[in-house]
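Proteins get letters first, then strands, A, B, ... in listed order; numbering begins at 1 in each.
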Amino acid sequence: MAATVSDTLLDWYDKHARELPWRARPGVPPTDPYRVWLSEVMLQQTTVAAVKPYFAAFTMRWPDVAALAAAPEEEVMAAWAGLGYYSRARNLVKAAREVAALGRFPDTEAGLRALPGLGDYTAAAVAAIAFGRRAVVVDANVERVVARLFAIDTPLPAARKAIRERTDAVTPDSRAGDFAQAMMDLGATICTPREPRCLLCPLSETCEGRRTGEPTRFPVKPARKAKPQRRGTAFWIEREGSVWLVRREGEGMLAGMRALPDDGWTARADGTDAAPLEGPWTDIGAVRHGFTHADLELAVRRIETASTPPGEGEWWPIESLDGAGLPTLFAKAARLVLA
DNA sequence: GATACGTGGTT
DNA sequence: TAACCAAGTAT
């Protein structure tokens, strides 16, 4: 009888699993749910390389969920600065507080799914990896591997239903966490988007996508929309060695993060160019920054003043600006001013 | 289902 | 270099 997909893949994983800071050795259970959850949230739409230093910093500073639950949201947001998708940090604090109030992590997929910031993927991944539950874990790696394995040529996102069903069918009852991580490792290192290393793939013999001769045809993705180009202005207001920082409100772009005051640019519209103070302003230059759905050219203007701007904000010592937790866009603007 | 939401690495 | 892409979620 031929070996199953899961047996073959688990054998491969036992030999080739990546060693990652949040990962126990394959098959060895004592996996701290806090570390699994934290890493999974950080890894949402984010590369392993980008996550590593943040994971190290967070676990050093907040070693368990109780410590994170007790942290001021503002400090967690600042520590997240540079990692992107900042609603993750807001939800991270909320979830930590719910778990702390509960006294422990929910240990079922449904219980985890109810926490803020845990969607279908993350709830399944934590249930499987941290609690050994059988769960169907589907991320972009699994989508790609499964779409190729079964030559699913329905375009995304309509293909998700079939992909999920196929993934369910090959997910084993035991070691579901290792199986999920094996699928993701395979997708990240072998079954890559552009030049898959089919000669090294443990599943190549049964892969229907490979049999077609064009494995990279799967999964079929819709064409992308063009990104609009936006313009805006940020204002560097300096007084006695400090710069005026504001906190961005709401739940939109960079919400909750410290920032330079700006002219109200959004992903949908250019800024008004209106300054928070009377001039004279000095033009410093501009920085370019790409967001998911818009590219921004941000002009930077500077002024030295003795007065405090209207509205909420704080004078932040320039020498310790690194600790302010500015998102990358404003870190670039600050770098330009200080260069 | 479609859209909003960051950033840095890779090709 | 300009796309493309990454361990997605919320609305």
Can you list every pair that meets side-chain hydrogen bond (donor to acceptor under 3.5 Å, both in side chains) and has a residue in residues 115-131 of chain A, with sequence neighbours left out? A:Glu40-A:Tyr121, A:Gln44-A:Thr122, A:Arg113-A:Asp120
Quick one: label A:Arg160 by what it contacts on the DNA or RNA (base, sugar-phosphate, nothing), any heavy atom closer than 4.0 Å. nothing
Heavy-atom donor-acceptor pair, A:Arg88 side chain to A:Gly84 backbone, under 3.5 Å: yes
Residue pair A:Thr233, A:Asp273: steps toward the side-chain hydrogen bond (donor to acceptor under 3.5 Å, both in side chains) verdict: CA-CA 6 Å; A:Thr233 304; A:Asp273 205 30; 3.1 Å; yes
Consider only side-chain N and O atoms of A:Thr308 and A:Arg239, and report whether a donor and an acceptor are under 3.5 Å apart. yes
Base, sugar-phosphate, or nothing: which does A:Gly187 touch, judged by heavy atoms less than 4.0 Å apart? nothing
Please set out all donor-acceptor pairs under 3.5 angstrom arising from side-chain atoms of residues 324-339 of chain A, sequence neighbours excluded.
{"from": "A:Lys332", "atom 1": "NZ", "to": "A:Arg288", "atom 2": "O", "distance (Å)": "2.9"}
{"from": "A:Lys332", "atom 1": "NZ", "to": "A:His289", "atom 2": "ND1", "distance (Å)": "2.9"}

Steps toward side-chain contact (heavy atoms from CB on, under 4.5 Å) verdict (A:Val146, A:Met183): CA-CA 9 Å; A:Val146 170; A:Met183 291 285 273; 3.5 Å; yes
Summary of side-chain hydrogen bond (donor to acceptor under 3.5 Å, both in side chains) pairs that have at least one residue in residues 188-209 of chain A, sequence neighbours excluded: none
Under 4.0 Å from any atom of DNA chain B, heavy atoms only: list the residues of residues 72-84 of chain A that qualify, in numerical order. A:Gly82, A:Leu83, A:Gly84
Tell me what A:Ala140 touches on the nucleic acid: a base, only sugar-phosphate, or nothing, going by heavy atoms under 4.0 Å. sugar-phosphate
Between C:dA7 and B:dT11, how many Å separate the two P atoms, rounded to a whole number? 13 Å
Sorted by chain and number, sequence neighbours left out, side chain to side chain donor-acceptor pair (under 3.5 Å) with A:Glu74 holds for A:Arg258
Which part of the nucleic acid does A:Leu296 contact within heavy-atom distance under 4.0 Å: base, sugar-phosphate only, or nothing? nothing
Here's a test of your reading of the structure: between A:Glu251 and A:Arg194, which maps to the more 5' nucleotide of DNA chain C? A:Arg194
Is it the case that the side chain of A:Thr272 and the backbone of A:Asp263 share a donor-acceptor pair, with hydrogens and angles ignored and the cut-off at 3.5 Å? yes
Within the structure shown, what part of the strands sits under 4.0 Å from A:Arg144 by heavy-atom distance: base, sugar-phosphate, or nothing? sugar-phosphate
Listed in order of residue number, which residues of residues 36-59 of chain A have a non-hydrogen atom at under 4.0 Å from DNA chain B? A:Gln45, A:Thr46
Regarding A:Arg248 and A:Asp262, does a basic nitrogen lie under 4.0 Å from an acidic carboxylate oxygen? yes
Using the heavy-atom set of chain A and a strict 4.0 Å cut-off, write down the first and last nucleotide of DNA chain B that makes it in, 5' to 3'. B:dT3 to B:dT11
Sorted by chain and number, sequence neighbours left out, side chain to side chain contact (heavy atoms under 4.5 Å, CB included) with A:Thr59 holds for A:Arg35, A:Leu38, A:Phe55
Between the main-chain N or O of A:Phe218 and the side-chain N or O of A:Arg148, is there a donor-acceptor pair closer than 3.5 Å? yes
Got a sec, which residues hit side chain to side chain donor-acceptor pair (under 3.5 Å) with A:Thr8, two or more places apart in sequence or on another chain? none
Do A:Trp236 and A:Trp281 sit in the same hydrophobic cluster, where Ile, Leu, Val, Met, Phe, Trp and Tyr count as joined when their side-chain heavy atoms come under 4.5 Å apart? no
For A:Lys52, all residues meeting side chain to side chain contact (heavy atoms under 4.5 Å, CB included), sequence neighbours excluded: A:Leu20, A:Pro21, A:Trp22, A:Val48
Within the 6.0 Å centroid threshold, strictly below: A:Tyr34 and A:Trp62: no
Counting the atoms with a prime plus P, OP1 and OP2 as sugar-phosphate, which does A:Ala267 contact under 4.0 Å by heavy atoms, base, sugar-phosphate, or nothing? sugar-phosphate
Contacts of A:Gly252 and A:Ala158 projected onto DNA chain B by closest heavy atom; the upstream (5') one is A:Ala158
Does anything in residues 320-339 of chain A come within less than 4.0 Å of DNA chain B? Heavy atoms only, and list the residues if so. A:Pro327, A:Thr328, A:Leu329
Opening and closing nucleotides of DNA chain C in contact with chain A, under 4.0 Å to non-hydrogen atoms: C:dC4 to C:dA10
Return whichever of A:Leu115 or A:Trp22 has its heavy-atom-nearest nucleotide of DNA chain C closer to the 5' end. A:Trp22
